[in-house]
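Have a look at the structure below, then the notes.
Both ligands and their constituent atoms are indexed starting at 1 by order of listing.
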Amino acid sequence: MTGRRNRKPSLVTQVAQALHFVDDETGAVVPSIQSAATYARDQNYEPRRPYTYRRDGNPTTEHAEAIIAELEGAKESMLFSSGMSACTAVIEHLPTGAHVVAPKVMYHGVLQQLQKYEANNRISVSSYTSGNLKELEASIRPNKTQLVWVETPNNPNWEVTDIQGASDIVHAAGAKLLSDCTGTPPCMTRALEFGADFSFHSATKYLNGHSDITAGVLSVRDTGQFWEDIFWIRKLQGTVLHANDAWLLIRGMRTLFLRVEKASVNAMTIAKHFQGHKNIETVLYPGLQSNPGHEIAKRQTNGQFGGMMSIIVKGSEQDAIDVARNCQLFYPATSLGGVESLIEHRKTVSGEGFPVHPQLLRLSIGIEDVEDLIDDLQQSLARVFG
Ligand SMILES: *Cc1c(COP(=O)(O)O)cnc(C)c1O
């Protein structure tokens, strides 16, 4: 007789155990990687599983999708070979002429993609100041707007948008809301619970957490024709996440809660330490009480504020580049959400034409010893500013 546990395992437990995975045949507690490009049919010439070819999907990727669906409280999740290919699939599933509303300042890749589709007359786009629901509402065109894009906290200013407030406005206008919460993974923010129709994450970042794959994931509360359409875009474009990368993602997600907790504590310590520093003009971090998004973040990010922040240094643009260049522990690299800390002069990366402060340095705080990180930033600031 088996005993009866009194509780349903929490998400922490479920994710650490990859949904209590046990391989039926071998008893292995780690899934195998199914890397086949093609699948043999059975004697009746029927596919044995829903796959006939690699572009359909594979069991390893489906396992990762099931874990994320659990984390998100989603009906289904779909994994892509990068965050951008997931975003592109969403844009592509819209009918020609659709109107989209998106923030002025957001992840530059998505912004560029929206601008390219607009330049080709495929869609039209209106923009709003990130976090400003009044402007968001004013940008919506009744009976025309199909999709509203929210990025919270947004890149690279970490301004917070009230997802519930946005979804009320968007739904009243008959449109759908996509929430990109890459900076606050689903152990912090479950966007579907705040009314978003699509929750999107670049799984390259916190979900995987080790800077060794690219992946993107869409999660939904309800499926339907639109979800089929997105599936077909993934299938025909071949942008399903590869099984090897899905395997790494499953391994990475087992420690998601631990990593995000540590990064959040580290980031808060760093933000408080450098707030008011003589060489720093501003620290942009929703965890600081002085941050305009702090109260909404408190409601929306599960009591943690994540590992992403930016600092705007005094002096010139070159000084900012020099601060990034002279770090010895922070890697001067793009991306975010990994166990190692990164520093990036954002303007160098996003290029001219993108609204970003020239002295802004984006910090992705990892899980290292926070005193080492503070020491490193301090020596670099001292070297540049004397
Ligand atoms: C990185 C990122 C993306 C794009 O994801 P990739 O995995 O790099 O393709 C989209 N949105 C945000 C907020 C990101 O940080």
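For T60 and H63, the side-chain atoms include no donor-acceptor pair closer than 3.5 Å. Side-chain N/O atoms of E62 and Y51 include a donor and acceptor closer than 3.5 Å.
Clustering ILVMFWY residues whenever any of their side-chain heavy atoms sit less than 4.5 angstrom apart, transitively, puts W247 in the very cluster that holds I67.
A distance limit of 4.0 angstrom between heavy atoms and ligand 1 selects the residues S82, G83, M84, Y107, E151, N155, D180, T182, F200, S202, T204, K205, A215, L336.
The distance from atom CZ of F257 to atom SG of C187, rounded to the nearest 0.5 Å, is 5.0 Å.
For H294 and F305, the ring centers sit closer than 6.0 Å to each other.
Ring geometry for F226 against H93 counts as tilted: the plane angle lies between 30° and 60°, on a 0 to 90° scale.
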